[in-house]
Amino acid sequence: MSFIQILLVACMYHLTNTFASTGGMVFGRYTCQRPLVGGLLVGLLLGDVQKGLELGIAFQLAYMGAFAVGGAVTVDVGVVSYPIMALAISSGLDTGTALALAAPVSVLTANLTHVMRAFNTVCTGIVRKAIEEVDYRKIFLGNVVLPQLFLAVMNFAVVFVLLYLGSGAIESFLAVVPQNVLHALSLLGGTLPAVGMAMLLKFNVSGNWMFIFFVLGFMMFSVMKMSFIAIAIAAAAIAYLYYRIEQREEPVLAQAANFNDDEEL
């Protein structure tokens with residue numbers, strides 16, 4: 001990979017790994033940070049869109065159930081979607097090996113959030129002192145400039161370590177690792193999409209009866225051999241019908257709640 005390509009990957013990773021950039025949480029972290037979007041963008045950048053989409057789909061399945069609850073640190077999805085994606089495409093890694101390598105790296109870089117929070121405590125002290133001194137320039141410096149600058153340096157450092165230094169290291173590592181170990185990593189990576197799907201079902205399926213939708217989708221794909229577009233259209237139709245049925249039940253419940261025994265007598 002060229003220096004310009006690494007720099008662009010670092011920019012994309014940073015823009016999706018900060019709360020203020022690219023539309024904040026919804027568009028940045030919960031849309032552009034998704035592996036499917038990252039695989040498309042990185043594939044376009046490196047000239048291999050097909051490989052990017054293949055990895056993006058596999059990573060999306062593995063990490064679709066990963067999200068932060070409150071202040072808890074889980075995994076860094078952004079590092080999977082951009083630098084790990086670029087590393088896998090440039091090094092020619094298969095999907096299973098890429099997934100297996102992404103798992104420990106995403107957990108490791110997720111803990112950099114604690115480093116950022118520790119630095120923010122220093123910035124908080126600067127802002128508190130600036131408020132006492134009524135120094136608006138120092139307030140802006142401690143509240144905006146320093147935290148964003150530190151986060152940018154940290155994000156860019158992660159990408160350059162993984163890509164600029166890590167590409168050759170990964171290739172050397174793969175050259176000395178026995179084939180049976182790589183096969184085991186590939187098998188391990190192949191199970192991660194199932195884990196991601198299980199996590200998604202755990203949080204989305206509120207009742208046991210709702211599992212029938214998952215079974216229906218599986219049958220439509222495996223037995224009926226329907227395409228993803230056809231399944232998505234059918235799912236949208238079912239979701240709309242389910243929404244309309246719930247909307248019709250609300251007025252009945254509201255009318256029952258407002259029933260007055262005296263008026264009936």
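What's counted below: heavy atoms across the whole structure, side chains too, no hydrogens, waters or symmetry copies.
- Residues satisfying the side-chain contact (heavy atoms from CB on, under 4.5 Å) criterion with V127, sequence neighbours excluded, are I131, I139, N143.
- Using modelled atom types, one side-chain atom of S81 and one backbone atom of Q33 make a donor-acceptor pair closer than 3.5 Å.
- Residues meeting the salt bridge (charged side-chain N to carboxylate O under 4.0 Å, His left out) test with K138, sequence neighbours left out: E133.
- Counting heavy atoms from C-beta on, the side chains of V159 and Y82 never come closer than 4.5 Å.
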Sequence neighbours left out, cut at 3.5 Å: what donor-acceptor pairs do the side chains of residues 47-55 make with other protein atoms?
unit_1	atom_1	unit_2	atom_2	d
D48	OD1	K51	N	3.2
Q50	NE2	E54	OE2	3.4
K51	NZ	L93	O	3.0

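- Here the closest non-hydrogen pair linking Q60 and P35 is OE1-CD, 3.1 Å.
- Using a 4.5 Å cut-off on side-chain heavy atoms (C-beta onward), F59 and T95 make no contact.
- Hydrophobic cluster of I233: the remaining members, joined at side-chain heavy-atom separations below 4.5 Å, are I229, listed by chain and number.
- Residues forming a ring-ring contact (aromatic ring centres under 6.0 Å, His included) with F218 (at least two apart in sequence, or on another chain): none.
- With sequence neighbours excluded, the residues that form a side-chain contact (heavy atoms from CB on, under 4.5 Å) with L8 are I4, L45.
- Applying the side-chain hydrogen bond (donor to acceptor under 3.5 Å, both in side chains) rule to Y240 yields the partners R244; only residues at least two apart in sequence or on another chain are considered.
- Listed by chain and residue number, V145, L146 satisfy the side-chain contact (heavy atoms from CB on, under 4.5 Å) test with L141 (two or more places apart in sequence, or in another chain).
- Considering only residues two or more places apart in sequence or on other chains, A230 meets the side-chain contact (heavy atoms from CB on, under 4.5 Å) condition with M226, S227.
- Partners of F140 according to the ring-ring contact (aromatic ring centres under 6.0 Å, His included) rule, which considers only residues two or more places apart in sequence or in another chain, do not exist here.
- Ring-plane geometry between F160 and F3 is classed as tilted, the angle between the planes lying from 30 to 60 degrees on a 0 to 90 degree scale.
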